[in-house]
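Everything on this sheet refers to the single structure shown next.
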Amino acid sequence: MRKTIYFLLLLFPICAISQQILPEAERARVVDEILEERFNTLLPKLMDDTGIDMWIVISREYNEDPVIKTMLPATWLNARRRTILLFYRDKAKNTIDKLAVARYNVGKSIISAWDKEKEPDQWKRLMQLIEERDPKTIGLNFSKDHNIADGLDKTDYDEFMVHLPKKYHAKVASAEQLAVRWIETRTPREMTIFNQLVDITHDIIAEAFSEKVITPGITTTTEVEWWMRQKVTDLGLETWFHPTVDIQRTSEELVSHLYSFSGRPDNAVIQRGDLLHCDFGITYLRLNTDCQELAYVLLPEETEAPTFLVNALKDGNRVQDFLTQNMVKGRVGNDILAKALQAAKEAGLKPAIYTHPLGTYGHSAGTTIGMWDAQGGVMKDDGENYPLNPNTAYAIELNATVHIPEWKRDIRIMLEEPGFFGEDGFRYINGRQTKLMLIPRPKPQLGN
């Protein structure tokens, strides 16, 4: 009986999280329903806003354009052969054609418009559809400034231009603004799901940074990383990057930003008195999270974190506030960065800000607000001039360097939380860390 109870207790944390997670068939239903809404409600508005009345997305199997990957139905894991999607917006009639120059319908919304028996040449059929609609602008996915909007390969571009009638050549333009808006814009239903996804992410971090996983003096950072990775797999989810866990403690010098990504010692044993940091994100229902949080490993006589670490976290939160207060509609990333850094420095802080768009991709397209190695602003090809648009999500990623006299060194409070910028301003999608997690969790009833 005791063994059975113990087994059930071990299972409980998984059950508590997994009941929020849909089985595969239900996930497919939700993904396809969201796609329908995005195609029929969001896409027409984005095409009107960006001035592109025809958008053509071309991709071949296993060499997919990043945009087309977000348009495929749940049962399509890749494009098939050469898949060509054509979207035509007639604003005057308030209609949108969603056609596939392919042998199959692409989900429910995009209807096959190619009968190979009648017209064996796929390119010729595409040109017929273009001429029938006579667009003012033909948007293609090529871009110097946004990698996610640069998915049209040279072979397909060359083939398209060879077959396109000369009268339309001058109408061909980069669809980068439309592609980025498609990738970055979130619907209300997606944001409801996003909240659940971030909540799951927070739950996994909280369990990883607890006595259930960490035994001071025994457990290593590498073991915690692989525990997190395995937890995601056990829940039937995926992670878009390998988790990292690192340590700051009294006996070490402050290292560079690169330490969190490469060069960390493997299998560092976690000790009492350590400040732990993790970087972790998961994928679910075609959305991604990206979180960095902190935990403190209590010394034997401690029941709470030292005041100097509590105050250091507050400094990190203040940097977050200076950033999010400067997130204003239409303001470009470099301006947001400069204003936020100036305000934080004037308040006596030592900030670094490197916030990126988040959503369909982990490092997504949209407004980039600094990079860890570009605190003076990012270059044009990294999104320098791209304005902040509403209904978009971001990983609020940054740090504050804080001097700790008790440790005779500087530490870096590294934080990252998903946030949403809407018509009414900024909010965190599922809250943010304002208190250090403690390992082990104190048990007040025992006075420990």
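Residues take their numbers from the sequence shown, with the count starting at 1. Values in this document were obtained by computation on a predicted structure and should not be read as measured data. Values below: all heavy atoms of this structure, side chains included; hydrogens, waters and symmetry mates excluded.
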Check your understanding: So K98 and I111, side-chain contact (heavy atoms from CB on, under 4.5 Å) or not? Walk me through it.
Key -> CA-CA 7 Å; K98 304 179 290 296; I111 306 303; over 6 Å; no

Exercise for review: Evaluate the salt bridge (Lys or Arg N to Asp or Glu O under 4.0 Å) criterion for residues K167 and E131: first the C-alpha distance (whole Å), next the side-chain angles of each, then the deciding distance (0.1 Å), finally the verdict.
Suggested key: CA-CA 10 Å; K167 64 181 179 179; E131 292 200 82; 3.5 Å; yes

Check your understanding: Would I247 and I270 count as a side-chain contact (heavy atoms from CB on, under 4.5 Å) if you check the C-alpha gap in whole Å, the side-chain angles of each, and the deciding distance to 0.1 Å?
Key -> CA-CA 8 Å; I247 299 170; I270 296 168; 4.2 Å; yes

**Study point:** Derivation of the side-chain contact (heavy atoms from CB on, under 4.5 Å) call for W227 and I204
**Key:** CA-CA 10 Å; W227 181 92; I204 294 172; 4.1 Å; yes

Practice item. Give the C-alpha distance, both sets of side-chain angles, the deciding distance and a yes or no for salt bridge (Lys or Arg N to Asp or Glu O under 4.0 Å) between R103 and E117. Key: CA-CA 10 Å; R103 299 300 303 278; E117 282 63 47; 3.7 Å; yes

Point to revise | Candidate pair V319 and L323, rule side-chain contact (heavy atoms from CB on, under 4.5 Å), full reasoning | key: CA-CA 6 Å; V319 176; L323 169 58; 5.7 Å; no

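With hydrogens and angles ignored, the 3.5 Å screen pairs a side-chain donor or acceptor of Y361 with a backbone N or O of P66. Counting only distance, with no hydrogens or angles, the side chain of T289 and the backbone of I282 share a donor-acceptor pair below 3.5 Å. Remark: the backbone N or O of N326 is paired with a side-chain donor or acceptor of R331 at under 3.5 angstrom. A donor-acceptor pair is defined here as one N or O able to donate and one able to accept, closer than 3.5 Å; such a pair exists between the side chain of N40 and the backbone of E36. The backbone N or O of R412 sits nowhere less than 3.5 Å from a side-chain atom of T401 that would complete a donor-acceptor pair. With E119 contributing its side chain and W114 its backbone, the two residues share no donor-acceptor pair below 3.5 Å. For the pair E223 (side chain) and T220 (backbone), a donor-acceptor distance under 3.5 Å is present. Between the side chain of R133 and the main chain of L129, a donor-acceptor pair closer than 3.5 Å is present. Panel note: side chain T355, backbone E397; a donor-acceptor pair is recorded below 3.5 Å.
Taking 4.0 Å as the cut-off between side-chain N and carboxylate O, D315 and R318 count as a salt-bridged pair. The pair R89-D48 meets the salt-bridge criterion, with a side-chain N (NZ, NE, NH1 or NH2) lying under 4.0 Å from an Asp/Glu carboxylate O. Using a 4.0 Å cut-off between a side-chain N of Lys or Arg and a carboxylate O of Asp or Glu, K339 and D335 do not qualify as a salt bridge. With respect to E132 and R125, a salt bridge is recorded, a charged nitrogen being found less than 4.0 Å from a carboxylate O. With respect to E207 and K231, a salt bridge is recorded, a charged nitrogen being found less than 4.0 Å from a carboxylate O.
Contact annotation: the side chain of R286 never approaches that of T70 to less than 4.5 Å [non-hydrogen atoms, C-beta and beyond]. Counting heavy atoms from C-beta on, the side chains of L140 and I56 come closer than 4.5 Å. Between V328 and L388 there is no side-chain heavy-atom pair separated by less than 4.5 Å. Side-chain contact between L46 and I52 is absent, with no heavy atoms from C-beta onward closer than 4.5 Å. Taking 4.5 Å as the limit, some side-chain heavy atom of W55 sits within range of a side-chain heavy atom of L43. Counting only heavy atoms from C-beta outward, the side chains of M228 and E225 never approach each other to under 4.5 Å. At least one side-chain heavy atom of I200 sits less than 4.5 Å from a side-chain heavy atom of L237. Contact annotation: the side chain of M47 never approaches that of D53 to less than 4.5 Å [non-hydrogen atoms, C-beta and beyond].
Relative ring orientation between W123 and H163 is described as parallel, the plane-to-plane angle staying below 30° on a 0-90° scale split at 30° and 60°. Note on ring orientation: taking the six-membered ring where Trp is involved, the planes of W182 and F39 are parallel (angle under 30°, cut-offs 30° and 60°).
At a cut-off of 3.5 Å, with distance as the only test, a side-chain donor of N317 or Q320 sits close to an acceptor on the other residue. For the residue pair H356 and E416, a side-chain donor N or O sits within less than 3.5 Å of a side-chain acceptor on the partner. Counting only N and O atoms by type, the side chains of S59 and E64 include no donor and acceptor under 3.5 Å apart. Checking S112 against N105 by side-chain atom types alone, no donor-acceptor pair falls below 3.5 Å. Side-chain contact of Y354 with D373: a donor-acceptor pair under 3.5 Å is absent, judged by distance alone.
In this structure, the separation between OG on S210 and CG on L438 is 11.5 Å, given to the nearest 0.5 Å. The structure places OG1 of T244 at 8.0 Å from NE2 of H242, a figure rounded to the nearest 0.5 Å. Here the NE2-OG1 distance, from H277 to T221, works out to 12.5 Å after rounding to the nearest 0.5 Å. In this structure, D65 CG and R60 CZ are separated by 12.0 Å, a value rounded to the nearest 0.5 Å. The CZ atom of F280 lies 6.0 Å from the OG1 atom of T201; values are rounded to the nearest 0.5 Å. Of the inter-residue distances, the one linking I429 atom CD1 with Y394 atom OH reads 11.0 Å to the nearest 0.5 angstrom.
In summary, of the residues considered (T360, N389, T392, N391), a side-chain hydrogen bond (donor to acceptor under 3.5 Å, both in side chains) with E184 occurs for N389 alone. Tested against H202 for a side-chain hydrogen bond (donor to acceptor under 3.5 Å, both in side chains), the candidates Q433, R432, E417 yield a single pass: E417.
Closest of all the heavy-atom pairs between L337 and G370 is CD2-CA, 3.7 Å. Closest non-hydrogen pair, P418 versus D290, comes out as CD-O, 3.7 Å. A pairwise comparison of heavy atoms in V213 and A208 identifies CB-O, 3.4 Å as the closest pair. Nearest heavy-atom pair, R186 versus L287, reported as atom, atom and distance to 0.1 Å: NE-CD2, 3.8 Å. For the pair Y168 and D134, the tightest heavy-atom approach, listed with the atom from each and the gap, is OH-OD1, 3.0 Å. The heavy-atom pair separating K144 from E176 by the smallest distance is N-OE1, 4.4 Å.
A 6.0 Å sphere centred on CZ of R189 holds more than 12 heavy atoms belonging to other residues, nucleotides or ligands. Other residues, nucleotides and ligands place more than 12 heavy atoms under 6.0 Å from the CG atom of D115. Surrounding CD of E61 are more than 12 heavy atoms belonging to other residues, nucleotides or ligands, all under 6.0 Å away. Other residues, nucleotides and ligands contribute at most 12 non-hydrogen atoms within 6.0 Å of the NZ atom of K350.
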